[in-house]
Every structure is written in structure tokens, then in C-alpha cells.
Protein chains: 2
Amino acid sequence: MNGRMRIGELTERAGVTPRTVRYYESIGLIPPGEREGQGQHYYTEETLARLRKIDQLKKLRLGLDEIRDVIDLYFIDPSGVQAKQKVLVVLRQHLAEVDQKIRGYQQFRAELEDHIERFERWLEEKKPR
Amino acid sequence: MNGRMRIGELTERAGVTPRTVRYYESIGLIPPGEREGQGQHYYTEETLARLRKIDQLKKLRLGLDEIRDVIDLYFIDPSGVQAKQKVLVVLRQHLAEVDQKIRGYQQFRAELEDHIERFERWLEEKKPR
DNA sequence: CCAAAACATAACGTTAACGTAATGTTTTTA
DNA sequence: TAAAAACATTACGTTAACGTTATGTTTTGG
């Protein structure tokens with residue numbers, strides 16, 4: 001248990017599937033595990049730490065592309081200040097987007113009620129008896 | 001101009017593209033245009049009317065699958081009562097779903113604000129000086 | 001040393017409603 | 001009658017983040 005591990009241990013400790021690890025490698029979220037020749041890949045503790053950090057950021061609802069934009073900062077700047085500042089920007093964007101969405105849905109909701117009312121009145125007028 | 005038309009006239013009058021007409025045929029939203037042998041398709045005024053009705057229902061934000069569930073009623077029952085009753089049911093479902101979505105986004109919004117606050121406080125504490 | 005794990009790679013599936021080529025055939029018009 | 005429209009058909013692309021086969025290779029345990 002020195003830090004060198006294969007994908008099985010990595011995924012178990014990180015709580016993800018091998019598919020996820022390979023997908024993250026493919027989009028550059030984590031570095032590709034080193035391999036000797038053509039065989040299996042070996043991962044380090046830092047990759048594990050990255051996976052855990054990714055998981056944290058996903059809980060903040062960052063997309064993988066957004067995570068990719070900030071993840072390196074966490075490992076370049078140990079204080080975490082820069083990373084958190086950047087995440088904060090993203091979170092504020094999300095807030096604006098969510099507000100936008102909520103307004104959109106509320107608008108739609110109002111239209112819906114309007115339609116519903118119209119239908120109800122139309123059916124009422126048709127049915128008296 | 002007797003009611004028999006090819007796809008060009010149909011789409012122009014209905015305000016849709018040929019792709020849309022063929023797609024609707026493929027999912028059974030409108031009857032397939034009749035063809036003589038192997039050549040082109042011919043459509044009727046009723047198909048045009050269906051396309052226009054579909055357009056109306058889309059404006060109520062019904063999905064094509066939902067439209068498929070009610071569209072026939074409009075042409076079977078000329079009074080429109082049954083169709084509108086069924087649409088009303090769908091609209092009420094949508095209302096419930098939208099309310100659900102709004103609540104979800106509001107929940108997310110609250111969490112977001114919470115996260116943002118936390119980040120802000122953390123950064124404040126780190127930076128004094 | 002061989003069977004059983006573990007691993008690697010490729011590729012399709014998931015949502016909705018068409019847009020957009022690409023290619024070939026039919027109808028219209030000059 | 002030949003070029004120009006119009007039409008038909010097929011099939012990939014669009015979003016996000018992997019899940020799920022399917023198939024083949026490597027490593028490990030007894």
C-alpha cells in the first residue's frame with residue numbers, strides 16, 4: 001500500500017467505476033495511469049485525491065467541463081484560495097442561470113394556468129345542462 | 001387547388017419542413033401520404049388540418065407523444081369536447097410537473113446560495129491583511 | 001500451470017424533435 | 001427534350017456523463 005495501484009483499487013477507494021476513470025482520462029480530467037509496455041495502468045494517490053476532489057465539485061453541481069477548468073488549481077495552489085475563488089465565480093453563474101430558469105418556468109406556469117382556465121371555461125359553456 | 005397536393009404545397013401551407021412531415025408520418029402523427037406506385041406522395045386537406053392542429057397543441061407545449069394521444073379526437077369528435085377534456089388532463093399534469101421542477105430549482109438555488117456564502121466566508125477569513 | 005479474477009478496448013444506448021447533408025429519382029418548365 | 005425544381009431515402013448530428021454489453025488480454029491464486 002505505497003500509493004501505486006491498479007484501477008480496481010483506485011475505483012474502490014474513490015467510489016467510482018472503471019468506466020468513469022477511463023472517461024475522465026479521455027476528457028483530460030485526470031492524468032492517464034502509467035503503464036509498463038502495453039498492459040495495465042497504474043495510478044497514484046494524487047489521482048485518487050483528484051477523483052475525490054472531482055466528487056466534491058460534482059456535489060456543488062459543477063459540470064465536468066467546469067471542473068476541468070478549476071481542478072488543477074487545487075493541486076497547484078495548496079492554499080486553495082485561487083481554486084475557491086474560481087469556483088465561486090462558477091457558482092454565481094449557476095445562481096444566475098437557475099434564477100433565469102426559475103423565471104422561465106414560472107412564466108410557463110402562468111401560461112399553463114391561463115390555458116387551463118380557458119379550457120375549463122370553454123368546457124363549462126359547452127356543457128350547461 | 002382541390003385538396004390533393006404534394007409535400008411542397010403541404011409544408012408551405014402548414015409552415016413546416018418536409019423533414020417534419022416525414023417525421024410525423026414515421027411516428028404515426030399524421031397518415032402517410034398516398035402514392036401511386038413508387039413515386040411521390042399526395043396529401044389532403046385533412047392532413048393539412050392535422051398539421052395545423054398539431055402546431056396549436058405544440059404551442060400548449062404538448063410533446064409529440066402527448067399530441068398523438070389526443071389528435072384523433074379532434075377529427076373524430078367535431079365538437080372538440082372530448083379532445084379538450086383530454087388536453088386539460090395533460091395540462092394539469094404539466095402544471096404539477098412544472099411546480100415540481102420549480103421547487104427543485106428553488107431547492108438547488110438555496111443550496112447554491114449556501115455554498116456561495118460558505119466560500120465567501122472562507123475566503124474572507126483567509127485574506128484579512 | 002491453469003482457471004478465475006481483473007483489466008483493456010470498442011462501440012452502442014440513453015432524450016426529443018427534427019436539421020442537415022448526401023445521393024438518387026421524378027416532375028415541371030422552357 | 002433537357003435542364004431545373006421538387007421529391008424520396010438514408011443516416012449522421014445534436015447534450016451529458018457515463019452504463020452496459022461484447023470480446024479479448026493480463027494477472028493472480030491454488
Side-chain angles (χ1 to χ4, degrees), chain A residues 1 4-44 47 50-51 53-69 71 90 93-94 97-98 101 108, chain B residues 1 4-44 47 50-51 53-69 71 90 93-94 97-98 101 108:
Chain A
M1 209 175 278
R4 242 175 108 58
M5 58 192 121
R6 291 188 297 164
I7 201 166
E9 185 184 342
L10 178 69
T11 58
E12 192 181 354
R13 291 222 267 157
V16 300
T17 67
R19 178 69 175 99
T20 298
V21 167
R22 291 178 184 128
Y23 180 60
Y24 288 177
E25 286 180 309
S26 79
I27 63 174
L29 249 190
I30 59 175
E34 290 178 46
R35 60 195 335 194
E36 3 198 85
Q38 23 65 297
Q40 308 185 345
H41 295 93
Y42 287 86
Y43 303 87
T44 66
T47 300
R50 280 180 84 94
L51 286 174
K53 181 55 75 178
I54 290 167
D55 190 50
Q56 286 175 27
L57 293 172
K58 286 192 67 173
K59 283 179 181 153
L60 300 180
R61 303 261 219 155
L62 297 222
L64 295 186
D65 53 339
E66 292 169 328
I67 292 175
R68 188 172 38 204
D69 291 341
I71 187 78
V90 176
Q93 275 173 223
H94 284 198
E97 289 163 12
V98 169
K101 275 206 175 184
F108 177 39
Chain B
M1 208 174 278
R4 241 176 109 61
M5 60 192 121
R6 291 188 297 164
I7 202 167
E9 186 184 341
L10 178 70
T11 58
E12 193 180 353
R13 292 222 266 158
V16 300
T17 66
R19 177 69 174 100
T20 298
V21 168
R22 292 182 183 124
Y23 179 61
Y24 287 177
E25 285 180 309
S26 80
I27 62 174
L29 248 190
I30 60 175
E34 290 178 45
R35 61 198 330 199
E36 2 198 84
Q38 23 68 295
Q40 308 184 346
H41 296 93
Y42 287 87
Y43 301 88
T44 66
T47 300
R50 280 179 84 94
L51 285 174
K53 182 54 75 180
I54 289 167
D55 190 50
Q56 286 176 27
L57 294 172
K58 285 191 68 172
K59 283 179 181 152
L60 298 180
R61 306 261 219 153
L62 297 222
L64 296 186
D65 54 338
E66 292 168 329
I67 292 175
R68 187 174 37 204
D69 291 340
I71 187 76
V90 175
Q93 273 173 227
H94 284 198
E97 288 163 13
V98 169
K101 275 206 178 186
F108 177 39

Does dG19(C) have OP1 or OP2 under 4.0 Å away from a side-chain N or O of T17(B)?
yes

Find the distance L62(A):CG to dA17(D):C1' and express it as a whole number of Å.
15 Å

Between L57(B) (CG) and dA16(C) (P), how many Å, whole number?
18 Å

Non-hydrogen side-chain atoms of L29(A) and Y23(A) separated by less than 4.5 Å:
no

Using whole Å, what does the distance between atom P of nucleotide dA10(C) and atom OH of Y23(A) come to?
16 Å

If we count only N and O atoms by modelled type, under 3.5 Å, do the side chains of K53(B) and Q56(B) hold a donor and an acceptor together?
yes

In a check of side chain to side chain contact (heavy atoms under 4.5 Å, CB included) between I67(A) and each of D55(A), I54(A), V90(A), which one passes?
I54(A)

Calculate the interatomic distance between M5(B) atom CE and dT27(C) atom P; express it in whole Å.
18 Å

Could you tell me how far dA8(C) sits from dA16(D) if I compare only their P atoms? Round to whole Å.
27 Å

Interatomic distance where CD1 belongs to I54(A) and C1' belongs to dA17(D) [whole Å]:
13 Å

Could you walk me through whether I7(A) and H41(A) pass the side chain to side chain contact (heavy atoms under 4.5 Å, CB included) test, one step at a time?
CA-CA 7 Å; I7(A) 201 166; H41(A) 295 93; over 6 Å; no

Is any side-chain N or O of S26(A) closer than 4.0 Å to OP1 or OP2 of dT9(C)?
no

Quick check on dA16(C): is either OP1 or OP2 less than 4.0 Å from any side-chain nitrogen or oxygen of K58(B)?
no

Neighbour count above 12 (heavy atom, 6.0 Å) for E12(B) CD
no

Spacing of the P atoms in dT15(C) and dT20(D) (rounded, Å)
14 Å

If the sugar-phosphate is the primed atoms plus P, OP1 and OP2 and the base is the rest, what is the B/S/- string for nucleotides 1-13 of chain D, using protein heavy atoms under 4.0 Å?
------SBB-B--

Wobble G-U and Watson-Crick pairs count when both distances are under 3.5 Å; given that, what is the 5' to 3' dot-bracket string of DNA chain C, with | for pairing to other strands?
||||||||||||||..||||||||||||||

With a 4.0 Å limit, can you tell me whether Y24(A) has a side-chain N or O closer than that to the phosphate oxygens OP1/OP2 of dA17(D)?
no

CD1 of I27(B) versus P of dT15(C): gap in Å, rounded?
15 Å

